[in-house]
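The structure follows.
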There are 2 protein chains.
Amino acid sequence: MINYKTIMKEAGLKFTRPRSLVLTALQKANEPLSIKEIYKRVPNRIDLASIYRTIHCFLELGIVREVPLGEGYQRYELVGEGKHYHYVLCVECGKLEDIDICLLEQVEKMTNYKILSHSMEFQGICHRCTG
Amino acid sequence: MINYKTIMKEAGLKFTRPRSLVLTALQKANEPLSIKEIYKRVPNRIDLASIYRTIHCFLELGIVREVPLGEGYQRYELVGEGKHYHYVLCVECGKLEDIDICLLEQVEKMTNYKILSHSMEFQGICHRCTG
DNA sequence: TCATAAATGCAAATGATTTGCAATTGTGGT
DNA sequence: ACCACAATTGCAAATCATTTGCATTTATGA
């Protein structure tokens with residue numbers, strides 16, 4: 001179990017109510033959430049600006065990663081311990097599935113870069129929608 | 001050599017001056033361009049809205065692909081014949097390099113989706129900036 | 001050359017994200 | 001438990017990317 005409060009304390013940041021609520025929303029979700037979706041899932045209507053600020057803070061801490069699905073906005077998900085996902089979005093029915101591949105290490109070796117973040121998302125038509 | 005004029009004609013679209021100029025800008029570029037960069041590189045100041053519309057048209061025709069680098073806007077590049085690229089962006093110095101890997105077929109098999117588009121971009125720190 | 005649908009430019013609208021600032025709230029020390 | 005203070009919030013307004021409506025212009029094929 002990751003102790004987010006400790007992570008934030010060590011970074012000299014406060015563990016505030018809005019931050020806690022955003023974490024909970026992300027933990028409960030079973031897919032990456034947009035800012036608006038987080039907004040809707042958080043009780044007591046936290047301000048949108050605070051959610052944006054919270055997410056940026058989490059991105060810097062490495063708690064959260066960005067999932068760009070080409071929808072015109074970003075989605076975010078908890079990084080969790082080690083393992084992470086990539087997604088296929090069906091552009092017909094909106095279904096989102098995760099794929100279990102990642103090239104991180106391969107790319108670090110190929111490029112000689114220290115990779116900080118990456119995205120690898122696919123858009124297509126799922127088996128059912130293809131007919 | 002790809003004949004863009006023919007492609008467009010066959011799709012029932014006009015090969016207009018703005019479209020031609022956007023194509024030229026993309027052909028001359030050695031990296032994916034943002035809408036603003038295209039705007040700046042096109043002579044005679046085509047309207048921004050026309051560039052957006054042109055790019056959408058090219059995306060539909062499959063002439064152009066979207067390259068999301070997490071910069072807050074999109075970049076676009078010509079698809080060319082067959083081969084395409086993925087990128088690593090150095091967040092320190094802004095250098096952009098391409099990587100020669102692609103998982104398209106592997107993912108189509110794994111997921112049983114018809115993949116229409118995908119992104120796979122990396123952000124990190126290049127060898128020189130790491131020191 | 002002409003007719004006509006398609007495309008453009010302009011200005012205004014939209015949607016996502018950011019920012020300034022006064023009011024509020026965790027946190028560490030007492 | 002209380003205080004002091006910096007960090008954070010909420011609100012409203014600003015910004016930036018992208019889209020849209022509409023009157024005017026422009027390729028295209030007859």
Side-chain angles (χ1 to χ4, degrees), chain A residues 3-25 32-61 63-76 117 119, chain B residues 3-25 32-61 63-77 117 119 121:
Chain A
N3 188 333
Y4 293 109
K5 184 165 184 177
T6 305
I7 295 178
M8 304 196 63
K9 182 175 296 185
E10 284 172 358
L13 300 169
K14 293 183 181 175
F15 190 72
T16 61
R17 186 172 159 59
R19 285 174 182 168
S20 163
L21 290 171
V22 169
L23 275 177
T24 308
L33 300 180
S34 67
I35 298 287
K36 271 203 179 151
E37 280 166 344
I38 297 173
Y39 180 70
K40 284 188 286 187
R41 290 171 192 222
V42 154
N44 310 67
R45 294 282 111 139
I46 298 176
D47 193 76
L48 260 186
S50 301
I51 298 181
Y52 277 104
R53 284 187 279 226
T54 295
I55 289 293
H56 282 149
C57 159
F58 290 173
L59 282 170
E60 297 231 325
L61 291 174
I63 288 175
V64 146
R65 98 178 178 93
E66 203 168 74
V67 182
L69 284 166
E71 300 166 297
Y73 49 82
Q74 300 291 147
R75 296 206 195 199
Y76 304 91
S117 62
S119 68
Chain B
N3 187 333
Y4 293 110
K5 184 164 183 177
T6 305
I7 294 177
M8 305 197 64
K9 182 174 296 185
E10 283 171 0
L13 300 169
K14 291 183 182 174
F15 190 72
T16 60
R17 186 174 158 60
R19 286 177 181 165
S20 163
L21 291 171
V22 169
L23 275 177
T24 307
L33 299 180
S34 67
I35 298 288
K36 272 202 181 151
E37 279 165 345
I38 296 172
Y39 180 70
K40 283 188 289 187
R41 289 171 193 222
V42 155
N44 311 70
R45 294 283 113 139
I46 297 175
D47 194 74
L48 259 186
S50 301
I51 298 180
Y52 277 104
R53 283 187 279 226
T54 294
I55 289 292
H56 282 148
C57 158
F58 290 173
L59 283 170
E60 298 231 325
L61 292 174
I63 288 177
V64 145
R65 99 177 177 93
E66 202 169 72
V67 182
L69 286 166
E71 299 166 296
Y73 49 81
Q74 298 291 149
R75 296 207 194 198
Y76 304 89
E77 70 181 358
S117 62
S119 68
E121 323 301 336

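Chain letters run A, B, ... following the sequence lines, proteins first and then strands; every chain starts at 1.
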task: Could you check how far CD of B/Glu71 sits from P of D/dT15, rounded to whole Å?
output: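 To the nearest whole Å, that distance equals 22 Å.
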query: Whole-Å distance between D/dA17 C1' and B/Tyr39 OH?
result: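 Distance, rounded to whole Å: 14 Å.
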message: Measuring from the side chain of B/Thr16 (C-beta onward, heavy atoms only), which nucleotide among C/dT8, D/dT9, D/dG10 has the closest atom?
response: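 That would be C/dT8.
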- request: For C/dT17, take OP1 and OP2 only and decide whether either is under 4.0 Å from a side-chain N or O of A/Tyr52.
  value: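 Answer yes for this pair, as a side-chain N or O of A/Tyr52 is under 4.0 Å from OP1 or OP2.
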query: Hey, does B/Tyr73 reach any base, or is it just sugar-phosphate, or nothing, if we go heavy atoms under 4.0 Å?
result: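 Sugar-phosphate, backbone atoms only, no base.
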task: Classify the side chain of B/Lys14 versus the base of C/dA6 as yes if they form a donor-acceptor pair under 3.5 Å and no if they do not.
output: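 Answer is yes: a donor-acceptor pair is held.
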field: Heavy-atom side-chain proximity of B/Leu23 to B/Arg19 below 4.5 angstrom
entry: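 Contact flag for B/Leu23/B/Arg19 side chains = no.
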Presence of A/Arg17 side-chain N/O under 4.0 Å of D/dT9 phosphate oxygens OP1/OP2: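 Indeed not, no polar side-chain atom of A/Arg17 lies that close.
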message: Any donor-acceptor pair, under 3.5 Å, between the side chain of B/Lys9 and the base of D/dT28, if you only look at N and O atoms?
response: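 For B/Lys9, whose side chain was compared with the base of D/dT28, there is no donor-acceptor pair (under 3.5 Å).
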- request: Report, as yes or no, whether the 6.0 Å neighbourhood of atom CD on B/Glu60 holds more than 12 heavy atoms from other residues, nucleotides or ligands.
  value: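 Atom CD in B/Glu60 is not crowded, with 12 or fewer foreign heavy atoms closer than 6.0 Å.
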field: Closest-nucleotide 5' rank along DNA chain D - winner of A/Arg45 and B/Pro18
entry: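 Nearest-nucleotide comparison on DNA chain D picks A/Arg45.
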Closest non-hydrogen atom pair between A/Gln74 and A/Glu66, with its separation: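 A/Gln74 and A/Glu66 have their closest heavy atoms at NE2-CG, 3.0 Å.
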task: Specify the closest pair of heavy atoms between B/Phe15 and B/Lys5, including all atoms of both residues, with the distance to one decimal.
output: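 Nearest heavy atoms, B/Phe15 then B/Lys5: CD1-CA, 3.7 Å.
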message: Counting only side-chain heavy atoms from C-beta out, which of D/dA12, C/dT8, D/dT18 sits nearest to B/Ile35?
response: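 For the B/Ile35 side chain, the nearest candidate turns out to be D/dT18.
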message: Quick check: on DNA chain C, is the nucleotide nearest A/Lys36 upstream (toward 5') of the one nearest A/Ala49, or the reverse? Name the residue that is more 5'.
response: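 By nearest-heavy-atom nucleotide position, the 5'-most residue is A/Lys36.
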message: Nearest heavy atom decides the nucleotide; on that basis, is B/Phe15 or A/Asp47 closer to the 5' end of DNA chain D?
response: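 Looking at the nearest nucleotide for each, A/Asp47 comes out on the 5' side.
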message: With heavy-atom distances below 4.5 Å as the criterion, would you say the side chains of A/Arg65 and A/Tyr76 are in contact?
response: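 They are not in contact (no side-chain heavy atoms under 4.5 Å apart), so the answer is no.
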task: Take the protein atom CD1 of B/Ile51 and the nucleotide atom P of C/dG9, then report the distance between them rounded to whole Å.
output: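 In whole Å, C/dG9 P lies 9 Å from B/Ile51 CD1.
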field: Candidate nucleotides C/dA7, D/dT20, D/dT9, ranked by approach to the side chain of B/Arg53 - the nearest
entry: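 Within the option list, the nearest is D/dT20.
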task: Could you tell me the separation between the CD atom of B/Glu60 and the P atom of D/dT19, rounded to a whole number of Å?
output: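 These atoms are roughly 12 Å apart.
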- request: May I ask you to verify if any side-chain N or O of B/His56 is less than 4.0 angstrom from the OP1 or OP2 atom of D/dT19?
  value: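 Checking B/His56 against D/dT19: at least one side-chain N or O falls below 4.0 Å of OP1 or OP2.
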